[in-house]
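This report refers to the structure that appears directly beneath it.
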Amino acid sequence: MSLNGKKPVAIIGGGLAGLTAAAQLRRHGAPFVLYEAGPKIAGLAMTFSDGDGFSYDFGAHFITNRLAAAIGIGSKCRTVRYYGETVFMDGRTYGYPFGLMRVPRFAFKGVVAKAAAFKKGNAPQSAAEWYRRNYGSAMADEVAIPLTEAWSGVAADKLSPAVGDSLPGSISRTIMLKLASRLTRRAVACGYSREMPETPNVWHVYPEGGLGLLCQRLASGLEEDIKLESPVEEILVEDGRVVAVRAKGFEQEVSAVVSTAPRHILAKLVKGTDALQPLSRFRYRPMVFVNMRFQGRGLLPDVVIWTPENKYPFFRLTETPLSMPWLAPEGKTLITVDIGCNVGDETWSMDEEQLGEFCLGHLEDMIPNARQKYLGCRVLRTPIAYPVFLNEYEADRQRFELSTGVEGLYSIGRNGEFSHIFMEDVYWRTMKRTRQLVASLDR
Amino acid sequence: MSAPSSHSKFMAVTFKVNEQAAPAPVVPQFVEEKASLSLESVGCCICETDDAEPLGVGEDFEYNTSPETFLAMRCRQCSLVYLNPRPSLADLDCIYPENYHAFQFSEEHYGLVYKVRRRLESRRALSWCKGLDEDARILDVGCGDGFHLSLLREFGRPGWRLEGVDNSQRAVEMAARSNLLVHHGSVEHLDLPLAAYDLAFLIQTIEHVGDPPGILKAVLKLLKPGGRVVIVTDNTDSLDFKMFKGRHWGGYHFPRHWNLFNPKTIKALAEKVGFEVESLKTVVSPVNWVYSIRNTLMDMGAPRWMTNRFSLESTVSLSAFTAFDMLHQLAGKGALMRAILKRPV
Ligand SMILES: Cc1cc2nc3c(=O)[nH]c(=O)nc-3n(C[C@H](O)[C@H](O)[C@H](O)COP(=O)(O)OP(=O)(O)OC[C@H]3O[C@@H](n4cnc5c(N)ncnc54)[C@H](O)[C@@H]3O)c2cc1C
Ligand SMILES: [Zn+2]
């Protein structure tokens, strides 16, 4: 980094957002220092391997060929041929969206709801209302609301209607994309990009060796300015403007700060202003991902299975090798079980063996002889899987969506923006924000 | 990682669960294939910003020179379409293979099409030379194998001094074989005489270069005051572009067309460099239509006999789409664009 007397931009976090910002600042010749708390880059976009031929991500991850092209790793990616979602209820499966549409009570009430919503002008007051209004009461009460409550850990009438607004795509677009997918035998992305339009030309790919490649490519050439195991402890603000950060006890004067840390953490880091206090109430849903190894393939009826019934402790199962066969050795498979929880609760505290047992008990409904096929599991946990849009801080959420209110302080990325966005969204949004930052530095 | 502050606890939880059992993060490893390119990120050459949206994702459908996926972006400020990221200069030998058509556009290969194109192009080229002096000096920038220069030699005035520039060694050798004077290198770096040329051409060249303003600036200096440059390039303000821009548009020519213009952006480019726009028209061409359809078919895995119907060797589809593009030309939306720019006196 050649500073030429210029103060650097501090970037907090070496995940996709932080590294995208770093690469763009480098391109513009703006000096920066990137601080990563952990010993490795990539954050949520990390892939893990067992050494026995299985590999898995934080949850299951699907990226697009457009993101791969933008980052320049297209030649290292394989095309994903198939992706599908299915809802499992009353021991039966309903493909999304066609299978659900065929259920008369869903279809009928959905149409009624749409018509009613058309007449009624006033906006829905909660996520629950939003779902009933947009999907009809049957679909809302049996599918959408239980799923939302399972991942968020909060009753849907306490959640903001913005949860619904952030769901992707219209039904006609979904149908068009699903048909294109069948026609082209490519897993056309549907619900994985909001920032840029989804089209039949945008499909899922997977990098050889894992998702980590995205961040690795972004970081190449920037190594000198990336500081690992360096959690930023304080962001110093004077007169409403960021002036410095402190990491490992060392204070660095800065021209701006780009934070990708979760918002409630950011609120704690900032010293010298109360402006960010409201952010300390923002909540993220912790999650445990149990990656279960099995003998066989195609144990689930689809790649992603949604389980809205609350007899299940999990809300989603993903058999990633149905999309990405290379994630498990031949003749074996991997099922990722997503369980919402709270830090320190019973689920969070169970050890690997217990969690495996716990999940097996419930999987036997769906997978005959699951126990005989079971080969063991690996568990990943994160306290910050999903931002939870509580109605109680909805006004603050909207206010902080636009800016942090502190000059020179940018909060970006999935957790930094407190938004249910995907990797491609993170990329384009970060490009945009960094562009604004560069322009303000030039001024 | 052990700073005892509140947030480092969160960090520790994320990354250090199950200390003993934590699986190892994967360090991606792969065998370097021969053709991975070293891609570079760029911005809009006109606005000098990178405020752009992704428009088309595609591959090298025509020559399959690398397994890379490419992205065409559109500048939100000026609407220039450009490849980003794009191959580095070190990749040029890889992305322009031996059998590249600019090196192989010969009578043996293309037969009737070659003859028709010669006839047509000589008429066009001569019309740009109208009013030139007996001893005019003409420079064809990006002359390839010298196709246009040889037309002017054959059909133009005997006193004209014809020169070409190309930075492909192969092209220069081929042009030399037909006894044409071709300088090897790029106009910005060659030591050509300043204010010496009456007319310059950039025929389907500007879309291939990394720095269009740089090239044009160099051309401006080489031209006499009042001298002109004729630019022919693909037009993104056309129906073929609109229909195929998501992936298969022939004009993308992934990854060899780095900047793609419309009348508005070509004008902005000219003005940025200091040229006056003397005329700006669209031109009929079947090529992007034919290639857009060919790319679509290839991508869908259509059989060879079918894709072969859509190529530069196929007289039928070329004629059909020439006729079709003529209709668009009437509306000012032909598939190519021709700009005549003048160095101010
Ligand atoms: C379960 C799950 C499934 C998902 N599935 C998909 C999918 O299929 N497709 C898709 O496109 N996206 C998916 N996503 C979203 C995607 O993972 C994220 O959008 C993306 O990885 C976020 O990147 P980021 O850089 O914003 O944040 P992170 O990856 O969280 O990076 C933030 C980094 O900041 C560091 N940090 C935090 N605080 C500090 C501090 N004080 N000092 C220094 N460093 C700090 C952290 O250690 C971390 O490395 C999924 C997300 C989850 C949770
Ligand atoms: Zn521009």
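Quantities reported herein were computed from a predicted structural model and do not represent experimental measurements. Chain naming here is simple, since letters A, B, ... match the order of the sequence lines and numbering starts at 1 in each.
- Under the side-chain contact (heavy atoms from CB on, under 4.5 Å) criterion, B:E188 pairs with B:S186, B:D211, B:I215, B:A218, sequence neighbours left out.
- Of the possible donor and acceptor atoms, none in the side chain of A:R66 sits under 3.5 Å from a partner among the backbone N and O of B:L71.
- Taking all atoms of both residues into account, the shortest heavy-atom contact from A:N65 to B:T69 is O-CG2, 4.2 Å.
- At a 4.5 Å heavy-atom cutoff, A:R185 makes no contact with chain B through either its backbone or its side chain.
- More than 12 heavy atoms of other residues, nucleotides or ligands sit less than 6.0 Å from atom CZ of A:R285.
- Of the residues considered (B:D299, B:V42, B:D50, B:N84), B:D50 shows the highest number of contacts with chain A, using heavy-atom pairs under 4.5 Å.
- Other residues, nucleotides and ligands place no more than 12 heavy atoms under 6.0 Å from the NZ atom of A:K432.
- The two residues B:E68 and A:G74 make their nearest non-hydrogen contact at OE2-N, 3.6 Å.
- Heavy-atom distances place no part of A:A68 under 4.5 Å from chain B, backbone and side chain included.
- Remark: A:E353 CD is loosely packed, at most 12 non-hydrogen atoms of other residues, nucleotides or ligands lying under 6.0 Å away.
- The 12-atom threshold is not exceeded at CZ of B:R309, counting heavy atoms of other residues, nucleotides or ligands nearer than 6.0 Å.
- Contacts of A:Q24 with chain B are made by side-chain atoms alone, with heavy-atom separations under 4.5 Å and no backbone atom involved.
- For A:L183, no part lies under 4.5 angstrom from a heavy atom of chain B.
- Residue A:H28 touches chain B through its side chain alone, counting heavy-atom pairs closer than 4.5 Å.
- Contact annotation for B:R76: only side-chain heavy atoms (C-beta onward) come within less than 4.5 Å of a heavy atom of chain A.
- In plain terms, the two heavy atoms of B:A52 and A:R435 that are nearest each other are N-NH1, 4.3 Å.
- Taking chain A as the reference chain and counting heavy-atom pairs below 4.5 Å, the highest number among B:G43, B:P54, B:S38, B:P85 is found for B:P54.
- Minimum interatomic distance between B:S41 and A:R27 (heavy atoms only, all atoms of both residues): CB-NE, 3.2 Å.
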